[in-house]
Amino acid sequence: MKKFQNKLLGSILAGIVLVFAACEDSNEIVDQVVSGTKRGAVLRTLNVLSNEIAIQSDGSIAPGQSFGVELEYQDHADGDLLAEVEVYVGYRDNTAGGTDNDKAQVLATTIPASSFSTGERGLPVVTYSISGDDMLSALGLPSSEVEGGDQFEIRFELVLTDGRRYSFADNSGTITGSYFSSPFLYTATVVCAPSKPTAGVWSLAMQDSYGDGWNGAAVLVTIDGETTAYSLDSIGEAVAGVATFVVDADDQVISVQYQSGDWDSEVTFQLTSANGNTVVDAGPSPSSGVELLDYCPDNL
């Protein structure tokens, strides 16, 4: 029995030695892999404040229109490696048959490290915005060539104190994923500012393919901030029906959104303005919670 215990103890001690040896080997392998590796830096998206640039009926940028984003910087030296952030802007002409007005990215401005402050997580943060007019100026693009659906590109490039640079071209799935959320490249879509609606009677034709009403769905029509919900349920119809409303001469802005119900796949509707133009033709399964009016065509 004593001889067996001695053998058992010897086996345990030998196993411990092997474990330590394996750990040492493993550490050596990790050291070999990590040695010579340079860690980078990210510019994390905390919040996109605005990514639409509205244009007016004359094609000019509406007052106060800008791209804005809140960013957080992180490196392996507690933010000490940041020298500055370069901001580049470009333009993508999405007009049908277009690309004539595409503009390559150019340097618009720089954000010095001193512009960053310490955020809630102890990392440097900055809120940055650039107006639509400033982007046009940097690109040398006249506002007359800007149309709804086109896009501005905004790209950030990190410049570190040791000369290294990081931007969109250095991205990987890990960097752009949910935690780091560091795309470096953003787009701001050109949209048309709400236009004054034609005064008179507007009509909303609604249909349900199953014939049992809209099951909680509705079209939300907002005129100068006052919203009214219309649906087959509200007018007491099940298959199809028409609701009408009046736009007064002094009304300035109309907005139309769809409120989802239980069976959106059965829902279709068409909105006709007082001048006889069909300005919305939606469904089945209309997009919910977004603006359905396209303000760019002058047909409201």
Side-chain angles (χ1 to χ4, degrees), residues 45 47-57 62 64-65 68 94-96 147-151 178 186-300:
T45 306
N47 189 23
V48 176
L49 304 174
S50 56
N51 60 357
E52 290 186 341
I53 305 294
I55 57 175
Q56 302 179 110
S57 57
Q65 295 298 297
N94 294 326
T95 305
E147 297 187 33
D150 293 350
Q151 291 178 313
S178 59
Y186 304 82
T187 57
T189 302
V190 177
V191 299
C192 293
S195 52
K196 181 178 172 60
T198 301
V201 178
W202 291 49
S203 62
L204 176 64
M206 300 169 283
Q207 306 86 35
D208 184 84
S209 61
Y210 192 76
D212 63 346
W214 273 14
N215 302 289
V219 176
L220 307 180
V221 177
T222 302
I223 301 176
D224 288 357
E226 184 175 342
T227 301
T228 304
Y230 298 94
S231 74
L232 288 179
D233 304 331
S234 66
I235 64 173
E237 299 290 344
V239 179
V242 177
T244 60
F245 57 89
V246 175
V247 172
D248 294 329
D250 58 350
D251 289 333
Q252 297 298 311
V253 178
I254 185 171
S255 170
V256 178
Q257 294 191 6
Y258 175 68
Q259 174 183 285
S260 182
D262 292 334
W263 296 97
D264 291 347
S265 60
E266 301 171 3
V267 172
T268 55
F269 59 91
Q270 303 81 38
L271 178 64
T272 302
S273 68
N275 57 22
N277 293 326
T278 299
V279 294
V280 176
D281 188 353
S285 299
S287 298
S288 179
V290 299
E291 181 58 60
L292 297 178
L293 283 176
D294 183 357
Y295 297 112
C296 293
D298 186 19
N299 66 350
L300 297 187

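What you see is a predicted model; the values in this text were computed from it and never measured. Computed from heavy atoms alone, side chains included, the values below leave out hydrogens, waters and symmetry copies.
Residues that satisfy the side chain to side chain donor-acceptor pair (under 3.5 Å) test with S288, not counting sequence neighbours, are absent from this structure. With sequence neighbours excluded, the residues forming a side-chain contact (heavy atoms from CB on, under 4.5 Å) with S50 are S66, listed by chain and number. Scanning for side chain to side chain donor-acceptor pair (under 3.5 Å) contacts around T227 gives T222, with sequence neighbours left out. With sequence neighbours excluded, the residues that form a side chain to side chain donor-acceptor pair (under 3.5 Å) with Q270 are Q207. Listed by chain and number, the residues in a side-chain contact (heavy atoms from CB on, under 4.5 Å) with D233 are W214, S231 (sequence neighbours excluded). For V253, the side-chain contact (heavy atoms from CB on, under 4.5 Å) partners are P194, D224, not counting sequence neighbours. Partners of V280 by side-chain contact (heavy atoms from CB on, under 4.5 Å), not counting sequence neighbours, listed by chain and number: F269, L271, A282, L292, L293. The side chain to side chain donor-acceptor pair (under 3.5 Å) search around Y230 returns none, not counting sequence neighbours.
Residue S234 comes nearest to A229 through the heavy atom pair OG-O, 4.3 Å, listed as atom of the first residue, atom of the second, then distance. The nearest pair of heavy atoms linking A217 to D264 is CB-OD1, 4.3 Å. Pairing each heavy atom of I235 with each of V242, the nearest pair is CD1-N, 3.9 Å. Shown here for S265 and S209, the closest heavy-atom pair between the two residues is O-OG, 4.4 Å.
In this structure a side-chain-to-backbone donor-acceptor pair under 3.5 Å is missing from E237 to L232. Looking only at distances, a side-chain donor or acceptor of D150 sits under 3.5 Å from a matching main-chain atom of N94. Between the side chain of D208 and the backbone N or O of Y210, at least one donor-acceptor pair lies under 3.5 Å.
The CD atom of Q259 lies 5.0 Å from the CG atom of L220; values are rounded to the nearest 0.5 Å. The distance from the OG atom of S285 to the CD atom of E266 is 9.5 Å, given to the nearest 0.5 Å.
Sorted by first then second residue, the ring-ring contact (aromatic ring centres under 6.0 Å, His included) pairs that include residues 279-300, not counting sequence neighbours, number zero. Sorted by first and then second residue, the disulfide bond (SG atoms under 2.5 Å apart) pairs with a member in residues 192-270 read C192-C296; sequence neighbours excluded. Each side-chain hydrogen bond (donor to acceptor under 3.5 Å, both in side chains) pair with one or both residues in residues 271-284, not counting sequence neighbours, appears once here: T198-N275, S273-N275, N275-N277.
Residues V221 and W202 have side chains not in contact (no heavy-atom distance under 4.5 Å, counting atoms from C-beta outward). When side chains are defined from C-beta on, V267 does not count as touching M206, because their heavy atoms never get closer than 4.5 Å.
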When the side chains of residues 244-252 are checked against the rest of the protein, which donor-acceptor pairs come out under 3.5 Å, sequence neighbours left out?
| unit_1 | atom_1 | unit_2 | atom_2 | d |
| --- | --- | --- | --- | --- |
| D251 | OD2 | D248 | N | 2.7 |
| Q252 | NE2 | D250 | O | 3.2 |

